[in-house]
Number of protein chains: 4
Amino acid sequence: MVNYINIYSIEKAAKIKLDKGIYDFIFGGATDELTLERNRTALDAIQLTPRVLAGVGETDLSTTLLGIPLAFPMIGAPLAFQRLVDPEGEIAVAKSLHDNNLVYTSSTMSSISLEQIAEKSPGPKWFQLYIYKDRAITLELIQRAENAGYQGIMLTVDVPVMGKRERDYVNEFELPEHIFAANFIANSDERTSQNVRNRSAIKIFTDKQFEPNLNWNDVLWLKSKTSLPIILKGIMRDSDAVKAVEYGADAIVVSNHGGRQLDGVISSIEVLPKIARKIDKKIPVLFDSGIRRGTDILKALALGADCVLIGRPLLWGLSAAGELGVKKVLSILQEELIEAMMLCGYSSVIDLQNNKGLIANSFLNVETNSEFS
Amino acid sequence: MVNYINIYSIEKAAKIKLDKGIYDFIFGGATDELTLERNRTALDAIQLTPRVLAGVGETDLSTTLLGIPLAFPMIGAPLAFQRLVDPEGEIAVAKSLHDNNLVYTSSTMSSISLEQIAEKSPGPKWFQLYIYKDRAITLELIQRAENAGYQGIMLTVDVPVMGKRERDYVNEFELPEHIFAANFIANSDERTSQNVRNRSAIKIFTDKQFEPNLNWNDVLWLKSKTSLPIILKGIMRDSDAVKAVEYGADAIVVSNHGGRQLDGVISSIEVLPKIARKIDKKIPVLFDSGIRRGTDILKALALGADCVLIGRPLLWGLSAAGELGVKKVLSILQEELIEAMMLCGYSSVIDLQNNKGLIANSFLNVETNSEFS
Amino acid sequence: MVNYINIYSIEKAAKIKLDKGIYDFIFGGATDELTLERNRTALDAIQLTPRVLAGVGETDLSTTLLGIPLAFPMIGAPLAFQRLVDPEGEIAVAKSLHDNNLVYTSSTMSSISLEQIAEKSPGPKWFQLYIYKDRAITLELIQRAENAGYQGIMLTVDVPVMGKRERDYVNEFELPEHIFAANFIANSDERTSQNVRNRSAIKIFTDKQFEPNLNWNDVLWLKSKTSLPIILKGIMRDSDAVKAVEYGADAIVVSNHGGRQLDGVISSIEVLPKIARKIDKKIPVLFDSGIRRGTDILKALALGADCVLIGRPLLWGLSAAGELGVKKVLSILQEELIEAMMLCGYSSVIDLQNNKGLIANSFLNVETNSEFS
Amino acid sequence: MVNYINIYSIEKAAKIKLDKGIYDFIFGGATDELTLERNRTALDAIQLTPRVLAGVGETDLSTTLLGIPLAFPMIGAPLAFQRLVDPEGEIAVAKSLHDNNLVYTSSTMSSISLEQIAEKSPGPKWFQLYIYKDRAITLELIQRAENAGYQGIMLTVDVPVMGKRERDYVNEFELPEHIFAANFIANSDERTSQNVRNRSAIKIFTDKQFEPNLNWNDVLWLKSKTSLPIILKGIMRDSDAVKAVEYGADAIVVSNHGGRQLDGVISSIEVLPKIARKIDKKIPVLFDSGIRRGTDILKALALGADCVLIGRPLLWGLSAAGELGVKKVLSILQEELIEAMMLCGYSSVIDLQNNKGLIANSFLNVETNSEFS
């Protein structure tokens with residue numbers, strides 16, 4: 001395998017290998033991709049002031065998330081149709097995360113059924129859930145996830161309607177014949193799986209099947225139906241973070257869906273500090289959207305996150321070199337994070353979270369301007 | 001018809017089709033086009049923080065403006081010489097707006113007479129007025145608009161002299177033979193209509209005929225001459241907004257004339273919040289200049305507007321595909337607005353106007369720096 | 001003559017016509033040209049909020065500066081060796097300004113003697129002075145200026161040593177044979193005039209002849225030697241502006257020498273407001289550096305200037321079309337200023353200076369960050 | 001020798017001459033090189049407001065640093081393997097600095113032994129030290145430096161692990177056969193010197209040999225082993241600066257290692273003012289990272305530095321023209337600094353350090369946003 005230097009070189013290799021339609025389907029954001037871009041520029045705008053002579057030759061990145069030990073504070077983000085880029089798909093990604101003692105999150109829209117993934121890669125896993133208008137489908141998914149040994153339900157709350165991803169329109173993107181929503185074949189629901197074929201169909205299906213009226217009472221309903229911890233993914237406002245605690249969520253993911261839902265939404269990292277302060281350690285705060293460097297993870301932790309999600313880079317690794325590629329992505333990020341911690345003078349996740357003065361400033365910082373809040 | 005994805009793709013189609021001189025006449029701004037550009041960058045710089053689980057599966061965009069029900073909070077901006085880009089001109093644009101239950105605003109400088117437009121498209125219409133040095137011409141226009149069933153007079157207050165649009169100078173732009181100010185043919189005023197032929201002539205005519213000394217007493221005069229509601233277009237300063245209420249305006253349009261009058265003027269969106277607070281719901285506040293996305297409309301409403309005007313995109317639609325093209329422009333913006341509202345968690349115009357915390361910040365925001373105010 | 005649209009099109013014409021070495025000698029700034037660029041970006045960053053319905057059909061731009069009536073608030077900046085670009089040189093520029101009822105400022109380093117300029121163009125003129133180590137030379141220059149009818153002495157205070165203009169080094173620029181410091185030929189001082197030939201010679205001459213130890217007592221000395229008003233050019237700090245009043249200066253010019261002296265110096269427009277407030281109308285405040293548009297003049301006046309200087313554009317006009325070209329520069333700026341005033345709703349210089357709220361903001365504004373001051 | 005105009009033109013000459021791998025090894029920063037770039041943009045963003053008529057025809061740049069007189073406030077930064085670019089290597093650089101009455105700092109990783117450097121260029125010198133896990137190696141280095149007449153120990157504190165310099169990975173950079181860590185040949189430690197050959201080897205060696213657990217007690221240990229003054233290089237946080245004083249450091253260097261250690265670290269100049277205020281003249285504060293112009297030195301001094309370090313430009317000079325090239329670098333910076341001081345109106349280092357109001361602002365300034373501190 002080529003000795004990839006960083007995540008960007010793996011993405012480059014993936015881009016060369018992948019069909020443009022598939023690359024764009026994975027990479028693209030909503031409409032003008034302003035949020036997609038801001039997720040990166042906001043992370044890059046954060047400035048660090050390392051401390052020295054802190055005696056941190058040894059770093060300990062291990063942490064525990066909802067009872068699950070992690071080698072370092074990162075888990076896999078839910079990503080649809082992973083077989084689009086490699087026949088091993090979800091199984092290769094799950095194995096890579098598990099071999100590295102990290103959590104895999106299986107998408108409702110996986111291209112391999114949740115049971116098969118669990119069977120082939122029995123490590124710690126969460127199941128990402130959309131709530132369907134037809135609550136029977138929803139309940140069946142939850143029960144299947146429980147039966148297959150999934151240890152958490154990550155409820156996506158930012159898709160009352162699917163975002164307008166214009167690259168897919170331009171490319172007239174549709175799923176290849178052999179890729180389908182495998183959870184629904186298992187469910188014998190031909191309509192549900194087969195219809196998700198072309199670009200408009202994906203959006204039409206989503207907008208038709210998913211519950212757009214989702215509200216906080218649905219969180220209570222979900223909690224009444226499962227004993228698994230509930231992680232709410234897609235929180236961007238501090239008042240919603242407070243509600244998440246009130247309604248019994250076990251964790252939240254601060255995320256703008258990687259810029260794929262509504263363009264113009266602020267970057268996740270800019271809202272993280274205020275949300276973390278409001279949550280005040282009551283439940284774990286996860287951070288999603290834009291992580292490409294070890295320093296990005298360090299910045300998120302220093303600004304209040306307990307763990308980060310990694311999404312697209314998993315698929316770049318999978319595209320570039322299958323399971324080995326995914327593992328390379330993980331090892332690069334882990335090594336970069338270790339180095340960043342040593343160079344900043346912090347030896348553990350808690351040490352980092354308790355930092356004073358590591359973050360110098362960010363000229364993009366939303367909190368300096370609360371005129372309209 | 002090509003399945004246009006967004007307003008920009010329609011503009012692109014229009015640009016390919018149109019003579020450069022005509023495209024530039026429509027697109028261009030004053031001198032260095034700094035204001036033209038800032039209208040867009042300021043809108044893009046506004047960051048949103050959506051709320052989730054708000055149960056907004058159904059959105060209701062309908063609203064009422066000065067007694068006229070609207071399908072969604074957008075009306076047509078006054079645009080001169082619409083036959084420049086399509087023989088159907090003003091009639092096609094008016095029909096498209098009316099078929100979508102929106103208001104058409106007819107320009108004094110229309111290329112089809114106000115009576116013909118009213119006859120062919122009898123939906124709700126306003127008449128845009130310049131006050132002439134010769135008040136008799138002005139009065140006649142008002143009476144004709146009243147007789148033809150126009151329901152409001154939009155007085156343009158930001159053209160004491162026409163802006164310096166240098167693209168027209170470079171292109172030596174002049175109106176084609178068959179395009180003329182049709183309201184004045186009807187008026188039998190040969191001089192008035194025929195002289196508006198070439199670029200310098202347009203400016204010379206405007207600067208010669210229009211009243212440059214326009215002042216607040218002229219608003220009182222205008223009110224004494226018509227019972228139609230008066231909408232003042234071109235307000236950019238909060239003290240002027242306050243005066244508009246004092247002098248009896250029925251609505252105002254916050255507008256910098258799409259960057260076509262004075263370059264260096266701040267973007268409309270940056271002054272909107274302060275003006276809206278000063279107006280404090282006493283009269284409707286309309287917003288103009290730069291709307292190209294559903295999120296732009298959402299931002300304007302969230303910052304205090306009751307309705308927005310859409311200008312150039314109507315002509316891009318008309319250029320690209322006639323009446324169908326204009327309708328496509330309207331449906332794209334309406335769909336994008338619906339999606340943006342759902343994704344932000346707001347179900348109606350009032351819900352959106354009463355928002356707390358939707359607007360995260362804007363680093364271009366004028367209000368953070370009031371050193372010179 | 002080509003119908004030039006704006007100052008930039010005249011500069012473009014000049015650039016095509018001129019030898020690169022000469023163009024760069026005129027256009028260039030010190031070292032990295034950061035200040036040169038900031039003079040423009042800072043002006044462009046200032047945002048205007050026009051007022052409407054102000055009844056300003058007629059504008060009156062006339063003003064009086066140190067007793068001299070001006071058609072509009074602009075005078076010519078001192079510029080060396082004007083015959084570099086046209087054989088008519090200083091005389092053509094002086095005539096153009098005088099025909100427009102504006103003041104000409106003659107450079108010590110003119111390529112036509114101060115007496116000849118005065119003879120050929122007898123309108124109101126100031127003489128720009130460097131103080132020489134040899135005070136006898138200095139006194140003789142002052143007396144000659146007085147005898148020739150000059151009405152003011154503009155003392156340049158920002159050249160204790162000449163700036164490092166690297167374009168001249170790269171081009172190995174030297175003055176052509178026929179261009180020389182004509183005031184010193186008249187003075188029969190062969191050394192002084194002939195040595196100023198090549199790039200290093202200009203700097204060597206300047207650094208050798210000019211008084212680098214210039215201090216505030218020299219202003220008192222100068223006042224004791226002439227009854228003409230003294231205008232100090234090159235003030236950038238408010239404390240120096242206060243001193244200028246204390247030491248009896250009759251006016252100051254806020255200027256960074258068009259970015260030609262020290263790179264890294266802030267733009268002139270950013271320091272203008274504070275200086276103007278400190279001066280508090282005790283003496284006139286002139287503004288120099290970067291004026292290219294009528295709106296630039298309007299911005300400077302609105303921020304506290306009584307008058308602006310125009311420099312390089314005079315030479316672009318002279319290069320492009322001789323005396324007619326200079327006049328075109330003046331008429332473009334005057335027309336743009338008139339239009340800008342009408343569109344902002346101000347009818348006179350005093351009206352503009354007393355504005356409230358015309359300047360919305362400037363994100364480059366130095367005054368928002370006084371950490372180090 | 002070509003008449004180089006500025007540091008950038010010397011760098012350009014060096015870039016043409018050098019093998020890409022070597023150029024990149026010297027020029028490159030860590031990962032995305034954001035910090036490398038910010039070191040420059042932050043310096044350029046600082047705006048000056050000169051004072052005039054200050055009578056500074058004569059400037060005196062001389063200063064004293066830890067008892068050593070300097071011609072002007074600049075010393076050589078420690079740079080590894082200087083023979084990479086010229087056979088004269090460290091000796092040529094040391095001679096150039098000494099001939100200009102400046103201090104040379106010898107790197108632990110020099111390509112000529114510390115004794116040879118001292119013998120060939122007996123001027124004032126400091127020795128840059130890494131602390132080895134094997135303290136015996138460390139002690140031997142200190143004693144050798146003392147014996148050879150070095151007058152200070154500069155302890156590098158920001159390399160618990162070597163930064164990830166991706167250019168070296170891409171280029172598969174390795175040291176040429178004839179370049180090695182000469183201090184360890186002298187030490188007869190074959191392993192230590194020979195292993196430092198290729199890119200991974202350099203990092204592996206460094207990470208294996210250097211003490212990653214370095215802490216404040218090691219400063220006490222070091223002080224107990226030598227009577228030479230200790231200068232701590234790599235301080236970026238004010239609390240660490242305070243500790244440096246507490247633990248008996250004789251001076252500190254504010255430095256982010258030229259952007260070569262951790263990317264995302266703020267620029268050195270942005271943290272300098274706060275650190276200098278905390279140090280409050282108790283010990284000298286040196287500034288490192290990004291100096292390319294005389295104005296950069298002036299800015300650093302005005303913001304609280306007592307002296308600056310110059311690094312990469314020494315190697316550009318050495319590459320371009322050997323010892324003469326290094327001297328040209330020094331003379332350019334000295335001349336630019338003199339000119340900058342004259343043009344700002346300050347006559348000496350102390351005069352400059354006591355300035356009020358010279359620094360207008362910096363929109364990158366970290367101190368305006370202390371949300372997270």
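Order of the sequence lines sets the chain letters (A, B, ...), proteins ahead of strands, with each chain counted from 1.
No part of C/Thr35 comes within reach of chain D, as not one of its non-hydrogen atoms sits under 4.5 angstrom from that chain. In this structure, chain D has heavy atoms under 4.5 Å from both the backbone and the side chain of C/Asp32.
Under 4.0 Å is where a charged nitrogen must lie from a carboxylate oxygen, and between D/Glu339 and C/Arg165 no such pair does.
Within 6.0 Å of NZ in C/Lys208 there are 12 or fewer heavy atoms belonging to other residues, nucleotides or ligands. In this structure, D/Ile350 places its CD1 atom where only 12 or fewer heavy-atom neighbours from other residues, nucleotides or ligands lie under 6.0 Å away. The environment of C/Glu37 atom CD is sparse: at most 12 non-hydrogen atoms of other residues, nucleotides or ligands sit within 6.0 angstrom.
When each of D/Pro50, D/Ala54, D/Ser9 is scored by its heavy-atom pairs under 4.5 Å with chain C, the top score falls to D/Pro50. Of the listed residues C/Lys243, C/Gln261, C/Glu166, C/Met236, the one with more heavy-atom pairs under 4.5 angstrom with chain D than any other is C/Glu166. When C/Leu214, C/Val219, C/Ile235, C/Asp218 are compared by the number of non-hydrogen pairs under 4.5 Å with chain D, C/Leu214 comes out ahead.
Taken from CG in C/Leu34 to CG in D/Leu43, the straight-line distance is 11.0 Å, to the nearest 0.5 Å. Rounding to the nearest 0.5 angstrom, the gap separating the CD atom in D/Gln47 from the CG atom in C/Asn256 is 10.0 Å. Between the CG atom of D/Leu53 and the CG atom of C/Asp240 there is a distance of 7.0 Å, given to the nearest 0.5 Å. Remark: C/Asp158 CG to D/Cys344 SG distance equals 11.5 Å, nearest 0.5 Å. Expressed to the nearest 0.5 Å, how far CZ of C/Arg167 lies from CD1 of D/Ile5 amounts to 12.0 Å.
Applying the side-chain contact (heavy atoms from CB on, under 4.5 Å) test between D/Val52 and each of C/Leu232, C/Val157, C/Thr156 identifies C/Val157 as the sole match.
No donor-acceptor pair under 3.5 Å is formed between the side chain of C/Lys164 and the backbone N or O of D/Asn6. Side-chain N or O atoms of C/Asn215 include none that pairs as donor or acceptor with a backbone N or O of D/Gly55 at under 3.5 Å.
Proximity of C/Pro212 to D/Met342: side-chain heavy atoms (C-beta onward) are separated by under 4.5 Å at one or more points. In this structure the side chain of D/Leu48 never reaches within 4.5 angstrom of the side chain of C/Ile266, judged on heavy atoms.
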